[in-house]
Amino acid sequence: MPFTKIIGSGSALPENVVSNDVLAQQLAEKGIETSDEWIVTRTGIKQRYIADSHIKTSDLATQAAQNAIKEAGIQVEDIDLIIVATSTPDHIFPSTACIVQSKIGNKGAAAFDVQAVCSGFVYALTTADSYIRAGNAKCALVIGAETFSHIIDWQDRSTCVLFGDGAGAFIVKASDEPGILSTQLNADGSLHTILHAEGTICHGKVQGDPFLRMDGQAVFKKAVVSLEQSALEVCKKANIASTDIDWMVPHQANVRIIQSLARKLNIDENKVVITVDHHANTSAASVPLAFDVARKDGRIKSGDKVLLQGVGGGFTWGSVLVQM
Ligand SMILES: CC(C)(COP(=O)(O)OP(=O)(O)OC[C@H]1O[C@@H](n2cnc3c(N)ncnc32)[C@H](O)[C@@H]1OP(=O)(O)O)[C@@H](O)C(=O)NCCC(=O)NCCS
């Protein structure tokens, strides 16, 4: 069976950067109190990128995809599988993957979305790995892309300070050289109410609450426990110790979750990629965005063992262990 090798990555962020101070000022005008100090202390977030309302998830996804295609040095027509992980799709249907396919000019590849919220990218990457190892695809475009700012209740200070918009993309290819070493996906649907956006469209009207809602403390506790178990599971499958990991690229939601996880896994903090300060929580985009930053700045190198981890609504979580 071939390995699935990452041969390129790319990312995209909206132009509009909103610092904590600017956000606090905007919220104060609506009578909502927050501060840079509160946000940094509780989450590590210093700023986020916010898309204008006319920017769609597929716009960011397409830009990230084009950057990844360029870096991988492949032709658009080489891609035979496109998976977009998103919880903020452009439309009910068709999938955002089909919109991206049209925008990049690919014809014929299988294209579909994966919806596993902040675990979406590891779910999508694991799906692409299964296709490639089974011989059903040779070259896949895997994207995590979100415009969460469009589903945030900007009156709710307990959530609106946490999220941002963006996209990250991988090109993965069948290879004889080691690539993805092991994967693990899990979900516990009984916890669907701790992080959800439950609105639906029926007879042309939004029914129920259209905004993201979260029990922050329940999510925090479940995230740390799940990610620790999942990391140990992928290491066991690949027959390595957690201390053999060169780079940990966890979901970027909260720096305290990340630090607590690294401590439990005995992974040195300087082997952990942290971009939540810069990007905030971009849901399915967070892992490929963080990976792309660390690859472009030279931290992640050829041969490194990298642990990618997602966790979020569903409740879902998962890990991908990859050798670069
Ligand atoms: C959301 C989170 C930062 C909140 O931190 P916390 O320490 O649990 O804070 P609490 O919710 O207990 O709130 C503490 C106080 O801060 C207040 N508060 C909430 N948001 C605030 C804000 N933006 N600014 C100022 N105060 C705020 C609360 O109203 C509460 O005030 P009270 O004590 O007077 O009632 C934290 O729970 C968290 O990070 N959870 C995980 C969230 C996450 O990562 N989700 C995505 C996973 S995919």
Side-chain angles (χ1 to χ4, degrees), residues 1-13 57-86 96-114 120-122 124-145 166-181 183 246-247 249 273 275 279 284-308 320-324:
M1 259 195 218
F3 284 103
T4 303
K5 190 101 189 147
I6 300 168
I7 62 161
S9 64
S11 52
L13 291 161
T57 293
S58 70
D59 296 324
L60 298 172
T62 300
Q63 215 182 316
Q66 284 166 337
N67 291 337
I69 290 166
K70 195 169 166 200
E71 196 198 84
I74 59 155
Q75 302 302 311
V76 167
E77 55 269 28
D78 296 338
I79 297 165
D80 53 8
L81 175 65
I82 301 170
I83 309 179
V84 175
T86 188
T96 303
C98 285
I99 307 293
V100 171
Q101 178 177 40
S102 161
K103 287 184 176 175
I104 63 172
N106 171 281
K107 282 207 169 97
F112 56 89
D113 289 358
V114 161
F121 189 77
V122 293
L125 190 58
T126 299
T127 307
D129 179 48
S130 304
Y131 267 76
I132 287 176
R133 286 193 304 115
N136 291 326
K138 284 198 169 59
C139 183
L141 167 61
V142 186
I143 305 170
F170 283 8
I171 300 291
V172 294
K173 215 176 164 186
S175 168
D176 295 331
E177 291 172 30
I180 291 178
L181 303 174
T183 61
D246 296 297
W247 290 104
V249 188
V273 177
T275 54
H279 297 151
S286 94
V287 170
L289 265 172
F291 174 92
D292 193 50
V293 167
R295 194 155 180 257
K296 298 273 157 64
D297 69 20
R299 275 179 287 174
I300 297 179
K301 295 186 194 65
S302 179
D304 283 353
K305 290 192 181 71
V306 183
L307 174 66
L308 308 172
V320 174
L321 185 63
V322 60
Q323 186 167 331
M324 297 300 300

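Computed from heavy atoms alone, side chains included, the values below leave out hydrogens, waters and symmetry copies.
No side-chain heavy atom of F291 sits under 4.5 Å from any side-chain heavy atom of V273. Looking only at side-chain heavy atoms (C-beta outward), V293 and S11 stay at 4.5 Å or farther from each other. Within the 4.5 Å cutoff, no side-chain heavy atoms of F121 are placed close to those of L289. Proximity of I180 to V320: side-chain heavy atoms (C-beta onward) are separated by under 4.5 Å at one or more points. Using a 4.5 Å heavy-atom threshold, the side chains of S58 and K103 count as touching. In this structure the side chain of I171 never reaches within 4.5 angstrom of the side chain of I6, judged on heavy atoms. Side-chain contact between V76 and I69 is present, with heavy atoms from C-beta onward closer than 4.5 Å. No side-chain heavy atom of Q101 sits under 4.5 Å from any side-chain heavy atom of K107.
The two residues K5 and Q323 come nearest to each other via the heavy atoms NZ-O, 3.7 Å. Residues A285 and G168 share a closest heavy-atom pair of CB-N, 4.3 Å. Taking each heavy atom of V122 and L308 in turn, the nearest pair found is CG1-O, 3.8 Å. Of all non-hydrogen atoms in K301 and M324, the two that sit nearest each other are O-CB, 3.4 Å. Closest non-hydrogen pair, G10 versus A68, comes out as N-CB, 3.5 Å. Between A12 and Q63 the shortest heavy-atom distance is CB-CB, 3.6 Å.
Although no hydrogens or angles enter the test, the distance criterion places no donor-acceptor pair under 3.5 Å between the side chain of D113 and the main chain of A85. Under the 3.5 Å distance criterion, the side-chain polar atoms of W247 are matched with a main-chain donor or acceptor of R299. N67 places no side-chain N or O within donor-acceptor distance of the main-chain N or O of A64, the cut-off being under 3.5 Å. Remark: side-chain polar atoms of D304 are not paired, donor with acceptor, to backbone N or O of D246 under 3.5 angstrom. Remark: the backbone N or O of K138 is paired with a side-chain donor or acceptor of D80 at under 3.5 angstrom. T86 contributes a side-chain N or O that, together with a main-chain N or O of A145, makes up a donor-acceptor pair within less than 3.5 Å.
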>> Would V249 and I300 count as a side chain to side chain contact (heavy atoms under 4.5 Å, CB included) here? Give the steps.
In response: CA-CA 10 Å; V249 188; I300 297 179; 4.2 Å; yes
>> For I83 and L141: C-alpha separation, side-chain torsions, deciding distance, then whether side chain to side chain contact (heavy atoms under 4.5 Å, CB included) applies.
In response: CA-CA 6 Å; I83 309 179; L141 167 61; over 6 Å; no
> Can you check side chain to side chain contact (heavy atoms under 4.5 Å, CB included) on I143 and V100, steps first, answer last?
Replying inline: CA-CA 10 Å; I143 305 170; V100 171; 3.9 Å; yes
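Note that the CZ atom of F3 and the CG atom of D129 stand 10.0 Å from one another [nearest 0.5 Å]. In this structure, L321 CG and L181 CG are separated by 5.0 Å, a value rounded to the nearest 0.5 Å. Here the straight-line distance linking atom CG of L81 with atom SG of C139 works out to 9.0 Å at 0.5 Å rounding. Separating the OG1 atom in T183 from the CG atom in L125 is a distance of 8.5 Å, to the nearest 0.5 Å. Atom CG in L307 sits 12.5 Å away from atom NZ in K305 (nearest 0.5 Å). Note that OG of S175 is 9.0 Å distant from CD1 of I7, once rounded to the nearest 0.5 Å.
Side-chain atoms of K173 and T4 include no donor-acceptor pair closer than 3.5 Å. S9 and D292 share a donor-acceptor pair across their side chains, judged by distance under 3.5 Å alone.
Scanning for side-chain hydrogen bond (donor to acceptor under 3.5 Å, both in side chains) contacts around Q66 gives an empty result, with sequence neighbours left out. Residues satisfying the side-chain contact (heavy atoms from CB on, under 4.5 Å) test with S102, not counting sequence neighbours, are none.
The number of heavy atoms from other shown groups lying within 6.0 Å of CG (D176) does not exceed 12.
Using a cutoff of 4.0 Å between basic side-chain nitrogens and carboxylate oxygens, K296 and E71 are scored as salt-bridged.
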